[in-house]
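Here the structure is a predicted model, which is why all the values come from computation and not from measurement.
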Amino acid sequence: MTAEIRVTLRDGVLDPQGTTLNRSLENIGYKGLKDVRMGKLIQLTLDLNDRAQAQKLVEELCQKVLTNPVIEQYQFTIGESK
């Protein structure tokens, strides 16, 4: 199985990388951007066949290791291995 975890900053948390990217895009001529927020994508390949067990593992990893729950939020999907 595979897992894709999308991590973004919570609303209201300052995003210096997003702000810098927004300014850079405007400086090279891209107009019409109101805001840019950045995040990260984490892809895991799991050695599990049970979807419920995979969801439990990924949830625990997100809570304890992969994110900072104080400032970040996450969503994940579980899929079949390719």
Using residues 25-35 as the side-chain source, report each donor-acceptor pair under 3.5 Å to any protein atom, sequence neighbours left out, with the distance given to one decimal.
{"residue": "Asn27", "atom": "ND2", "partner": "Arg23", "partner atom": "O", "Å": "3.3"}
{"residue": "Lys31", "atom": "NZ", "partner": "Glu26", "partner atom": "O", "Å": "3.3"}

Val58 and Ile78: CA distance, side-chain angles, deciding distance, side chain to side chain contact (heavy atoms under 4.5 Å, CB included) verdict: CA-CA 9 Å; Val58 172; Ile78 304 290; 3.8 Å; yes
I'd like a table of donor-acceptor pairs (distance under 3.5 Å, sequence neighbours excluded) in which one partner is a side-chain atom from residues 59-66, with atom names and distances.
{"residue": "Glu59", "atom": "OE2", "partner": "Tyr74", "partner atom": "OH", "Å": "2.4"}
{"residue": "Gln63", "atom": "NE2", "partner": "Tyr74", "partner atom": "OH", "Å": "2.7"}

Could you pull out every donor-acceptor pair under 3.5 Å between side chains of residues 36-43 and any protein atom, sequence neighbours left out?
{"residue": "Arg37", "atom": "NH1", "partner": "Val13", "partner atom": "O", "Å": "2.8"}
{"residue": "Arg37", "atom": "NH2", "partner": "Arg10", "partner atom": "O", "Å": "3.0"}
{"residue": "Arg37", "atom": "NH2", "partner": "Val13", "partner atom": "O", "Å": "3.1"}
{"residue": "Gln43", "atom": "NE2", "partner": "Glu4", "partner atom": "OE2", "Å": "2.9"}

query: Shortest non-hydrogen contact from Ala54 to Leu46?
result: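 Taking every non-hydrogen atom into account, CB-CD1, 3.8 Å.
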Residue pair Leu9 / Gln73: nearest heavy atoms and the distance that separates them: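 So the two residues come closest at O-NE2, 3.6 Å.
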task: Can you run down the salt bridge (Lys or Arg N to Asp or Glu O under 4.0 Å) pairs that involve residues 43-53, sequence neighbours left out, and say none if there aren't any?
output: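 Every salt bridge (Lys or Arg N to Asp or Glu O under 4.0 Å) pair that includes a residue of residues 43-53, provided the two are not neighbours, is Arg51-Glu80.
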message: Checking Thr67 now: which residues fulfil side chain to side chain donor-acceptor pair (under 3.5 Å) with it, not counting sequence neighbours?
response: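 Listed in chain order: nothing, the list is empty.
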